[in-house]
Amino acid sequence: GINAEYMGVLVNSAYLWTLLVVMALKQIFFWLASTTLADRGRIIHPQLFGIFDFTCSIWGLFSGTLSAVLRVVFPVMYRLLLVARVDLAFYPDGLDFLDGGHGAYGAAVNLESTAGNPTVRVFCELL
């Protein structure tokens, strides 16, 4: 079978590395712009700054679209791989109520432990 914890770490780390690469490229772009196109807040080369601004807009469009797609694809892929594992919560501790499958599993386990308790069953039979 699939090790669920490993798959979750793998999916989250791939998403994290993608975001880190996008953020690093954005910082490199802005560092280049601040060192070559501006001096003390003044724009030295307006034409080059216009090209840079257009390039950043196109890059933002690309990276924003990529980020939006990854925010949908990675959780869906993670959930599809773990669809049979309702014993693992998909959300963090504070948001467990959003995961219906995990809540139903927890309720079934709780019911089984309370209704199937041999001590309580013998006590009820003796009454």
Side-chain angles (χ1 to χ4, degrees):
I2 297 173
N3 186 351
E5 287 80 16
Y6 176 73
M7 186 57 64
V9 168
L10 185 66
V11 168
N12 288 335
S13 64
Y15 180 65
L16 179 65
W17 279 108
T18 306
L19 286 179
L20 287 176
V21 167
V22 168
M23 288 172 36
L25 288 174
K26 187 176 180 181
Q27 289 301 321
I28 290 171
F29 273 158
F30 283 119
W31 177 76
L32 285 173
S34 66
T35 57
T36 59
L37 300 177
D39 181 32
R40 296 184 195 140
R42 285 186 319 140
I43 298 174
I44 299 172
H45 307 287
Q47 293 83 10
L48 289 178
F49 182 78
I51 292 170
F52 173 75
D53 188 36
F54 178 73
T55 305
C56 283
S57 298
I58 296 300
W59 177 254
L61 180 68
F62 169 72
S63 65
T65 305
L66 179 67
S67 177
V69 167
L70 290 179
R71 285 181 184 213
V72 172
V73 168
F74 280 144
V76 167
M77 181 178 69
Y78 179 69
R79 198 56 176 161
L80 286 176
L81 289 173
L82 299 176
V83 72
R85 298 291 310 262
V86 294
D87 57 330
L88 299 174
F90 184 64
Y91 294 103
D93 288 336
L95 301 174
D96 282 342
F97 64 93
L98 294 174
D99 193 2
H102 181 68
Y105 174 78
V109 168
N110 191 15
L111 177 70
E112 179 63 31
S113 70
T114 56
N117 188 344
T119 308
V120 173
R121 292 180 68 181
V122 169
F123 177 75
C124 290
E125 287 178 11
L126 290 175
L127 286 177

Leu127: hydrophobic cluster co-members (side-chain, 4.5 Å): Phe123
Residues that, via side-chain heavy atoms closer than 4.5 angstrom, fall in one hydrophobic cluster with Leu126: Val122
Atom pair CG (Asp53) and CD1 (Ile58), whose distance is rounded to the nearest 0.5 Å: 10.5 Å
Path from Phe62 to Val21 over hydrophobic side-chain contacts below 4.5 Å: yes
